There are 4 protein chains.
Amino acid sequence: MGKLELNKMRKKSALYNTAFELFTTKGLAKTTISDIVENAGVAKGTFYLYFKDKYDIRNKLISHKAGELFSQARDALEQAHVTGFTAQLHFLVDNILDRLETESDLLGFISKNLSWGVFKDAFQEQADEDDFPFFQEYLNLLDQSDVQYDSPELLLFTIIELVSSTSYSCILHSQPVCLAEYRPYLHKTIDCILQAFAHTDESGLSAANMNVISDKHFDQN
Amino acid sequence: MGKLELNKMRKKSALYNTAFELFTTKGLAKTTISDIVENAGVAKGTFYLYFKDKYDIRNKLISHKAGELFSQARDALEQAHVTGFTAQLHFLVDNILDRLETESDLLGFISKNLSWGVFKDAFQEQADEDDFPFFQEYLNLLDQSDVQYDSPELLLFTIIELVSSTSYSCILHSQPVCLAEYRPYLHKTIDCILQAFAHTDESGLSAANMNVISDKHFDQN
Amino acid sequence: MGKLELNKMRKKSALYNTAFELFTTKGLAKTTISDIVENAGVAKGTFYLYFKDKYDIRNKLISHKAGELFSQARDALEQAHVTGFTAQLHFLVDNILDRLETESDLLGFISKNLSWGVFKDAFQEQADEDDFPFFQEYLNLLDQSDVQYDSPELLLFTIIELVSSTSYSCILHSQPVCLAEYRPYLHKTIDCILQAFAHTDESGLSAANMNVISDKHFDQN
Amino acid sequence: MGKLELNKMRKKSALYNTAFELFTTKGLAKTTISDIVENAGVAKGTFYLYFKDKYDIRNKLISHKAGELFSQARDALEQAHVTGFTAQLHFLVDNILDRLETESDLLGFISKNLSWGVFKDAFQEQADEDDFPFFQEYLNLLDQSDVQYDSPELLLFTIIELVSSTSYSCILHSQPVCLAEYRPYLHKTIDCILQAFAHTDESGLSAANMNVISDKHFDQN
DNA sequence: CATGAATGAGACTTCATTCAT
DNA sequence: AATGAATGAAGTCTCATTCAT
C-alpha cells in the first residue's frame with residue numbers, strides 16, 4: 001500500500017471512529033457532519049469524498065459493528081469447545097449479551113436496529129470482505145444437532161428478535177428488570193422456542209398443523 | 001363546555017391529527033413544526049401553546065395510540081366471549097396484529113417504541129383518563145387461569161417484546177417472511193413461552209432452578 | 001375611592017412593582033410583557049389597559065424612582081438641619097450615593113439614565129403630582145448662599161452628570177476603584193466645581209473670558 | 001496575503017462597516033443580523049463564521065472605534081506641538097469633542113459606553129495591536145508637568161466620565177445647552193479638577209485629608 | 001486528493017398585540 | 001374593566017452541501 005493510499009485509509013478510519021464515538025455519546029440527531037470532521041481532524045469536503053451523508057456512514061457503521069459482534073462471539077465459541085447445538089446457541093447469546101452489557105453505548109447505537117434486516121447486512125458484509133458465510137455456519141451447527149428443526153431461518157429470526165428486543169430494554173433502561181435478573185428467563189424462553197421449532201413427525205406440531213391449532217383459539221375473528 | 005373551551009380542544013385535536021398523519025407518512029425527522037401547523041390550519045405560536053416541541057407531541061401521540069390499540073383489543077375480547085387465559089392471550093395478539101397489519105403506518109410510528117417503557121406509559125394513560133387499570137386486568141385474566149405463572153410481569157414483557165419486534169419486521173419489510181407466514185410460528189412460540197413461565201413445583205422449572213439450568217450450558221465463561 | 005377603583009389601582013401597582021423587580025433582576029431586554037403580567041398575576045390584556053408597551057412602563061418607572069430618590073434626599077436634608085449651600089449639596093450627594101450603593105440594582109436600572117433629561121422629567125413629575133418645584137428649591141438653597149454662582153443650571157448639570165457617571169462605574173463595577181475610595185475625591189472635585197462656577201467680578205473667570213482662556217491652550221485647531 | 005485570505009478580510013470588513021452604519025442609524029435594538037448581512041452583501045451564515053451574535057460585533061466595534069478616537073487625538077496632539085500638560089489635556093478633550101460633535105452618530109453609538117471599562121478596553125486594544133501603551137503615554141505627559149498629581153488614574157477617570165457624560169447630553173440633545181455653550185464651562189471645570197488633584201504638601205488637600213474635609217460637611221449621617 | 005470559506009434555505013422559537021368572550 | 005387564547009411576523013441560528021483554490 002502506497003503512502004498516499006495509507007493516508008487515504010487513515011482519514012476514512014478517523015471518520016469512522018469519530019462518527020461512532022459521537023453517535024454513541026451525543027446521538028445521531030445531535031451529531032453534525034461538522035462535529036465529525038472537526039473531531040476527526042479532516043476537512044469538511046473530505047467527508048463527502050467517502051460518504052454520501054450522515055446516514056450513509058451510520059449504516060456502514062451499524063453493519064460493521066453488528067458483524068463484529070457476531071464474528072467475535074463465533075471466535076469465542078470456537079475457543080470454548082462447547083458441544084451440542086443448544087449449548088452453543090446459549091453460549092453465543094450469553095457472549096453477545098455480556099458484550100452489550102459492557103458496551104451499552106454500542107447497544108444503544110445498533111439498538112433496535114439489530115434486527116433481521118441488519119443481521120442479514122452483517123452477514124452480507126462478512127461474506128463480502130472475509131468470504132465468511134455466517135448464516136451457513138449457523139446451518140452447520142444445526143446439522144450437527146440430533147434434533148431437526150423446522151424453518152431454521154425463522155427459528156434464528158425469532159431468537160434474534162427476542163434477544164435484541166428484551167436485552168435493549170433490560171440493559172439500557174433496566175425495564176422491567178435488569179439483565180442479570182432477566183437472563184435466566186431469557187435462556188429458558190430460548191429453550192422453549194427451540195422446542196417449538198423442533199420437528200416431530202408424530203406430534204402434529206408441524207408448521208402445517210400449527211395454523212389449525214392457532215385458529216381454533218377463537219370462535220370469531 | 002364553553003365555546004372557548006371547545007375551540008381550544010378543536011385546535012389541539014387538529015394538531016394531534018395532523019402530526020400523526022405527517023409522522024406516519026413523512027417520518028418524524030422530515031416533519032417540521034411548520035408542516036404541522038400549516039396542515040392543521042393554526043398559527044405557529046399555537047403549537048407552542050400546547051406542546052414543548054416536536055418530540056413532545058410525538059411522545060404524547062405514541063402513548064395515546066398504543067393505549068388505544070390495547071384498549072380496543074380489550075374491548076374486542078369482551079365482545080368475543082373467549083374463555084381460558086391462553087385463548088384470550090392469543091385473541092389479543094391476533095387482534096393487535098390484524099390492526100397493525102392494516103395500519104402499517106401506525107406500526108411504523110409506534111414501531112419499535114411499542115416496548116415496555118411505552119407500554120407502561122399506555123397503561124398509565126388509561127389509568128389516568130378512564131380509571132382503567134390495564135395491567136390489573138391482565139392479572140385478573142391470569143388469576144382465572146388454572147395454571148399459575150411465575151413473574152407475570154416478565155411473562156408479559158417477553159411476549160410483548162417478541163410480538164412487537166417480529167411483527168415489525170414481518171409486516172413492514174416482509175423480512176424474513178410476511179406476517180401471514182410467520183403468524184403460526186409466533187403463536188406456537190407464545191404457547192411455549194407460557195409453558196416456560198408456568199409454575200410447576202415438581203419439575204424443577206422454577207425460576208430458582210433456571211439459573212442452574214442455563215449455567216450448565218457452558219463449560220466456561 | 002370605590003372598590004372598583006381600588007382594584008384598578010391594585011392591578012396597576014402590581015404591574016409597576018413586578019416590572020421594576022424584573023427590570024432590575026433580568027434586565028429590560030430580557031423581560032417580556034408575559035413575564036410581567038404572569039408575575040403580577042393579571043391578564044395580558046390588562047397590561048395594555050394601562051401602558052402602551054414595555055418602554056412606556058419603564059420610562060414611567062425611571063421618572064418615578066429618580067424623583068423618589070431626590071425627594072427622599074430632600075426630606076433627609078430637612079431633618080438634618082444642615083446649613084450653608086455647600087454643606088447642603090454635599091449632604092444631598094452623600095445621601096443619594098448611600099442609597100444607590102445599597103440598592104445597586106436601582107442604580108443599574110436608572111443607571112446612566114439619571115442624566116439631565118430624566119432629571120428634568122423627575123422634576124416634572126414632582127411638579128405635576130405634588131406641586132413641588134424641585135428645581136426652584138435648588139435655586140432657593142443657592143440664594144441663601146453668600147457666594148453667587150454663574151449659570152446655576154449648568155452648575156447643577158455638571159455636578160449631576162459627574163456624580164451619576166462616576167458612581168455608576170464605582171458602585172457597579174468597582175472601576176477604577178470602589179465608591180468608598182473614590183468618594184473623597186468626588187467631594188473634593190465638587191468643591192472645585194463650585195469654585196469654578198462661583199461668580200467673581202475681578203478674576204476674569206467669567207464665562208465670557210473662559211472661551212479666551214480655553215482657546216489659548218492651543219496654537220492650532 | 002493569498003486571494004482567499006484577502007476575500008476573507010473583505011467579507012469581515014464589510015460586516016463591520018455595515019453593522020456600524022446600521023447601529024448608528026437604526027440603533028442596536030432595531031438592527032437585525034438579517035439587516036447586516038443583507039446590506040453587507042454576504043450570506044447569513046457568513047456572519048456566524050466571524051461573530052457570535054449581534055452583541056459580539058457591537059463590542060468589538062465599540063472597542064475599535066473608541067480606540068481610534070483616542071489614537072487620532074493623540075496623533076493630532078503630536079502634530080500640534082502643544083506644550084504643558086494642562087494645555088495638552090485641553091487639546092485632547094477639544095479634539096475628541098470636535099470629532100464627536102461632527103460624528104454625533106458615533107457618539108450615540110459608543111455613547112455612554114465611553115466609560116472607564118471601555119476606555120480600558122480601548123487601551124488594551126491599542127496595546128495589543130500597535131504595541132502602544134496609551135495609559136503610559138498619559139503618565140508620560142503627566143511626568144513632564146511641573147505639578148504633581150495625586151492618583152493620576154482617578155484624575156483621568158474623573159475627567160473622562162465628566163466629559164463623556166456631559167458631551168453626550170449637550171451634543172445629542174442640546175440639554176441643558178448646546179456644546180458650544182457648555183464647552184467653556186467644561187474646560188473651566190477640568191482646570192478645577194486638575195487643581196483638586198494637584199498634590200500640595202502644605203495645603204492639607206492630600207487624599208488623606210480629604211476625608212476629613214468632606215466629612216465635616218455634615219453634622220450627621 | 002484535500003481543503004474550508006461561503007452559502008442560504010429553512011428550522012425553531014419568541015413575544016407584542018389583538019379581540020371575542 | 002378584565003381576560004387569555006390565538007396570532008404570525010420577525011428574529012436567531014444551524015448545518016448540509018458546494019466549489020474555487
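Note that the structure is a prediction, hence the values are computed from the model and not measured.
Rounded to a whole Å, the CD1 atom of Ile36(A) is 14 Å from the C1' atom of dT17(F). Rounded to a whole Å, the CZ atom of Phe47(C) is 18 Å from the P atom of dC19(E). What separates CZ of Phe51(B) from C1' of dC12(E) is a distance of 17 Å, to the nearest Å. Rounded to an integer number of Å, the gap from OH of Tyr48(B) to C1' of dA5(F) is 18 Å. One can place NZ of Lys44(C) at 18 Å from C1' of dA1(F), the figure rounded to the nearest angstrom. Between Leu15(C) atom CG and dA1(F) atom P there is a gap of 15 Å when expressed in whole angstrom units. Per the geometry, CD belonging to Glu38(B) stands 12 Å off C1' belonging to dG10(E), to the nearest Å. Going from atom CG of Asp35(C) over to atom C1' of dA16(E) covers 13 Å, rounded to whole Å.
Nearest nucleotide to the side chain of Ile33(C), out of dC13(F), dC12(E), dA16(E): dA16(E). Side-chain proximity of Tyr50(B) to the nucleotides dA6(E), dC15(E), dA6(F) is greatest for dA6(F). The Thr46(D) side chain lies nearest to dT7(E) when the options are dT7(E), dT7(F), dT3(E). Across dA16(F), dT13(E), dT12(F), the shortest atom-to-atom separation from the side chain of Lys54(A) is found for dA16(F). In the set dA16(F), dG8(F), dT7(E), the nucleotide with an atom closest to the side chain of Lys11(D) is dT7(E).
The side-chain tip of Lys65(D) points at the ring of Phe20(D) from less than 6.0 angstrom away and within 45° of straight on.
Residues Phe47(D) and Val42(D) are not in side-chain contact: their nearest non-hydrogen atoms beyond the backbone lie 4.5 Å or more apart. Side-chain contact between Ile36(D) and Leu15(D) is present, with at least one heavy-atom pair separated by less than 4.5 Å. Residues Leu69(A) and Ile110(A) are in side-chain contact: their nearest non-hydrogen atoms beyond the backbone lie under 4.5 Å apart.
DNA chain E is contacted by both Ala43(D) and Lys52(C); Ala43(D) maps to the nucleotide lying nearer its 5′ end (nearest heavy atom per residue). Comparing Leu49(B) and Val42(C) by the nucleotide of DNA chain F whose heavy atom lies nearest to each, the residue mapping closer to the 5' end is Val42(C). Comparing Ser34(D) and Asn7(B) by the nucleotide of DNA chain F whose heavy atom lies nearest to each, the residue mapping closer to the 5' end is Asn7(B). Remark on DNA chain E: of its neighbouring residues Thr31(B) and Gly45(D), the 5'-side contact belongs to Gly45(D), judged by nearest-heavy-atom nucleotide.
A side chain to side chain donor-acceptor pair (under 3.5 Å) with Lys26(A) is found for exactly one of Thr31(A), Asp35(A), Thr32(A), namely Asp35(A).
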Base-pairing string, 5' to 3', of DNA chain E - Watson-Crick or wobble, under 3.5 Å, | interstrand | .||||||||||||||||||||
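Listed by first then second residue, pairs satisfying side chain to side chain donor-acceptor pair (under 3.5 Å) with a partner in residues 48-57 of chain D read Asp56(D)-Lys60(D), not counting sequence neighbours.
Between Phe51(D) and Tyr16(D), the ring-plane angle classifies as perpendicular under the 30° and 60° cut-offs.
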